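Before any comments, here is the structure.
These figures come from a predicted structure and were not determined experimentally. Order of the sequence lines fixes the chain letters, A, B, ..., with proteins taken first and strands second; residue numbering starts at 1 for each chain.
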Amino acid sequence: MYLEMQNRLAEHLRGVLRSKYDLELQSIPIEIPPDLKFGELSAPVAFELARKLRKEPKVIAQEIVAALGSIDGFAGFEVAGAGYINGRLDRTAGARNTALESYFYIRLLEKSGPVQHSLVEHTSINPNKAAHIGHLRNAILGDTFVRLLRAAGQRVDVQNYIDNTGVQVADVVVGFLYLEGRSVAQVRQLLDGLKRKGERVDYYCWDLYAGTSQWYEQGSEDENAARKKLRYATLHEIEHGGNETAEIAELISTAVLKRHLETMLRLDIEYDFLPRESEILRLKFWDAAFEQLKNTGVLYFETEGKNKGCWVMRRPGAEVAEGALDEDAKVIVRSNNTVTYVGKDIAYHLWKFGLLGKDFGYKPFFTYPDHECWISAEHGDEPHPHFGGAQAIYNVIDSRQSDPQANVIQALRGMGYTEQADRYTHFSYEMVALTPRCAVELGYSVSDEDLARPYIEVSGRKGFGVKADDLIDKLIAATRAEVDARQTGGADAEAGRQRIAEQIAIGALRYFMLKFTRNSVIAFDFKDALSFEGETGPYIQYAVVRARNIFRKAGITPEAVLAEFKAIDPTAYLEGPAAEDIWVLWLRAARRTLVLEQCISTSEPAYLAKHAFQLAQEFNNFYHKHHILTEEDPARKTFLLATAAVALRELVEVLSWLGIESPEAM
RNA sequence: GGGCGAGUAGCUCAAUUGGAUAGAGCACCGGCCUUCUAAGCCGGGGGUUGUGGGUUCGAUCCCCGCCUCGCCUACCA
């Protein structure tokens, strides 16, 4: 409702400016005033025009208000402060519209035109160790953004890129081959053994990877040099394929990848397609990209300076005089003819936009209750769904990768794909680090230098961090204890309690990862993450449960109440000082699509998290002040029930967009 | 050296992207359970928004200088 009214006001203002001053403004910002005494919507447009029209803002505002007349849905307009144009809504109409909004989905961008096809890539954990809290932030941000795009009516493919031939996988393979001295058969045996015992392969690799990383530095200088050589020899065998080393890499990376999918499924996170580095290499994506890059002049062969013999590209924003040597250029093809990571990434991104002229093979890999997740293959199965060829892409990758991401975008732009470059979003976010206190708590030895820092970066290489499954287990144990203590659902609700504890635990975790804006570093601490009070997921879920209890006890459904609400006149209950706090709740409820649009245009899910919290807060406030079931005036009771119904509907819907379930009881 | 980000209440973070009196949570202090569940509600103290200038009707936000911190910047992947 809010978004609709905002657009309506902006359109009318545009019309007034056109007819009265012959002015055409690009955008007419409409804001929500800081206090309800200023109305529900406000336009500071008069300030902007003051200089142009050489009049006082206040005078301009008065002229505009006079010309505005009356607008459907608004009770009136007035000038306040130094020249704000404040609009008051017709509260009765506003409440009725809000109550009418579909109980489940409202398609925000139903406007006109075809449905946008977007591709979101997230998670992308190297398949050589267990997922940790940093990966959780990535996956939760990505998954939530997918939900937001889908809520707005977009068609979205979810991809999880797998670097199964990189140095990280090579390191763990070195561990199996040379530290543990295992053959392919023995690795296979180990995997079977772990499976039988119900142990997690990714945990096993976590330790082995950290051990191997240490091993590279543990020996004498000569030994270390030899070990590094082994490392790169292993890497090249994996890249090349068709040998035992590559076979071990395939076994391990596939087993670990399955574990990652299981971990993420605990958080209700699913994928459609898993493109792998190995197929990008074997299907020769690079060769196709290289031709295009050379033909468009994005890449040039350097004949002088430190990059002599390499194919390089200019960095974005670099200013180099014509004909001068650009020593700072980015190397894409090394002098030994091998391709850098950015080079392969350019090829991959051409594929994402359907510009490469090549495609993956596809095989089914992981089955979800309602769909299949496919994986890339050199020779795929038929038939298969088609991925790639998207109009817009979002890469959920931490901010440390902003440089290579910018290079890829620059390359696309240079090749003439400017529209695609504009629709390429590096959805960047800051890392999750540990507070020194948390690191000590976990038993890591922490240097004095690190103890003085606000946070310490996690490191898979050092085996330093909190594993995702450990955190989830811990959260569920804590919520289960709380649920048991409260005897949630009655004394013999044993079976349901585990389910509820899981819903609350996941709600707490997802909310925790979403409440911070993307470019704020999360300094992780168990105390904060295990908190269920205040600005947390469980606080919001609790509000839902409270609302549901009202309807349970009243013996009526929210839908039935909203149907009854149509028949009463709520005007008397929406006006006057006593009604302000209730009207505030209605207004908040009416803001969902406005917030959704904001989240999508800024790629910032945190706004919706904040919205959910504020809505819950205002509902709790309302819950306390107005006792519904004892209300004697039947019309007023219907009005109060309708208020609760709208709040409940919005809470459940917004939580679902955040990937958080709404438990039946708490 | 260059690039990006950050610096806001004791702590952790917001601030509708330049708007009206800078707000939440935690922590601390004090109240509220015979009521639709206290994972809750109400009240209280807490601020020179790192710093110095500039731009304008208006700056936490934009520009310049300085200070502090983090990350990126290799023909490694």
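With respect to A:V312, the side-chain contact (heavy atoms from CB on, under 4.5 Å) criterion is satisfied by exactly one of A:L299, A:N307, A:D328, A:I332: A:N307.
Base pairing analysis places B:rU60 opposite nothing; no Watson-Crick or G-U wobble pair with both distances below 3.5 Å involves it. For B:rA6, the paired nucleotide is B:rU68, the pair qualifying as Watson-Crick or G-U wobble because both relevant distances are below 3.5 Å.
The 5' end of RNA chain B is approached more closely, in terms of each residue's nearest nucleotide, by A:A82 than by the other of A:V331 and A:A82. Each of A:P454 and A:V333 has a nearest nucleotide on RNA chain B; the 5'-most of these lies closest to A:P454.
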Nucleotides 25-40 of chain B: protein proximity per nucleotide (B base, S sugar-phosphate only, - neither; heavy atom, under 4.0 Å): SS--------SBBSBB
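Contact check, A:R315 against B:rA74: a side-chain N or O comes under 4.0 Å of OP1 or OP2. Distances shorter than 4.0 Å separate some side-chain N or O of A:Y607 from OP1 or OP2 on B:rA15. Using a 4.0 Å cut-off, some side-chain N or O of A:N519 falls inside it from OP1 or OP2 of B:rA6.
Between A:E604 atom CD and B:rA15 atom C1' the separation is 13 Å, expressed in whole Å.
One side chain, A:N620 or A:Y539, offers a donor N or O that lies under 3.5 Å from an acceptor on the other.
Using a 4.0 Å heavy-atom distance criterion, A:K308 is classed as a base contact. Contacts of A:P57 with the nucleic acid, taken as non-hydrogen atoms under 4.0 Å apart, are absent. The residue A:T338 sits apart from the nucleic acid: no heavy atom pair falls under 4.0 Å. Within the nucleic acid shown, A:N86 comes within 4.0 Å of at least one base atom, counting heavy atoms only.
Among B:rC13, B:rG70, B:rU16, the nucleotide with an atom closest to any side-chain atom of A:M431 is B:rG70. Looking at the side chain of A:S520, the nearest of the listed nucleotides B:rA20, B:rC13, B:rU16 is B:rC13. In this structure, the nucleotide among B:rC72, B:rU16, B:rC76 sitting nearest to the side chain of A:T340 is B:rC76. Here the side chain of A:P33 is nearest to one of B:rA20, B:rA74, B:rC57, namely B:rA20.
Base orientation for B:rC33: syn, the chi torsion being within 90° of 0. Base orientation at B:rU60 is anti, since its O4'-C1' glycosidic dihedral falls outside 90° of 0.
Below 30°, between 30° and 60°, or above 60°: for A:F619 and A:F622 the angle between ring planes is between 30° and 60°, a tilted geometry. Ring geometry for A:Y232 versus A:H236: interplanar angle of 30 to 60°, hence tilted.
Judged by the 6.0 Å distance and 45° axis criteria, A:K515 is not positioned over the aromatic ring of A:F613.
Under the salt bridge (Lys or Arg N to Asp or Glu O under 4.0 Å) criterion, the residue pairs touching residues 518-528 of chain A are A:R437-A:D525, A:R518-A:E604, with sequence neighbours excluded.
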